[in-house]
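Here the structure comes first, spelled out in structure tokens, and everything after it is commentary.
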Amino acid sequence: MTARPLPLNDFLVVDLTAHRAGPTAVRQLADWGARVIKIEPTGELIDATGSRRDGPISRTCTATSGR
């Protein structure tokens with residue numbers, strides 16, 4: 001039995017999102033086979049709670065898998 005390709009295999013998604021809903025949606029697209037390119041602003045990053053992000057945290061790592 002051969003595996004069928006995922007529905008979004010031919011799609012390229014450019015991710016410009018920064019908050020929870022955006023990365024969650026992009027993660028779903030990646031799970032369905034889309035290739036994802038994440039673009040982040042340079043400089044200090046502040047997460048949705050308003051606190052600094054000094055390094056990866058588990059929520060960020062989970063939300064950005066597939067990128």
Side-chain angles (χ1 to χ4, degrees):
M1 180 159 92
T2 58
R4 294 182 358 203
L6 293 171
L8 300 179
N9 266 354
D10 297 329
F11 287 83
L12 173 65
V13 176
V14 178
D15 179 10
L16 303 172
T17 63
H19 299 290
R20 177 159 276 195
T24 301
V26 172
R27 164 88 189 264
Q28 184 68 37
L29 295 172
D31 288 346
W32 282 74
R35 224 175 91 216
V36 177
I37 297 174
K38 172 72 175 166
I39 307 294
E40 292 185 348
T42 58
E44 183 178 301
L45 294 178
I46 297 177
D47 67 11
T49 64
S51 41
R52 279 191 213 156
R53 200 173 70 176
D54 296 329
I57 55 175
S58 61
R59 183 181 76 213
T60 302
C61 293
T62 301
T64 59
S65 69
R67 298 182 191 153

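This chain uses plain numbering: 1 for the first residue, then up along the sequence. Basis for what follows: all heavy atoms, side chains included, without hydrogens, waters or symmetry-related copies.
Here Leu29 contributes atom CG and Leu8 contributes atom CG; the two are 6.0 Å apart, rounded to the nearest 0.5 Å.
Side-chain contact between Thr17 and Lys38 is present, with heavy atoms from C-beta onward closer than 4.5 Å.
Here the closest non-hydrogen pair linking Ala34 and Val13 is CB-CG2, 3.9 Å.
Leu6 is linked by a side-chain contact (heavy atoms from CB on, under 4.5 Å) to Asn9, counting only residues two or more places apart in sequence or in another chain.
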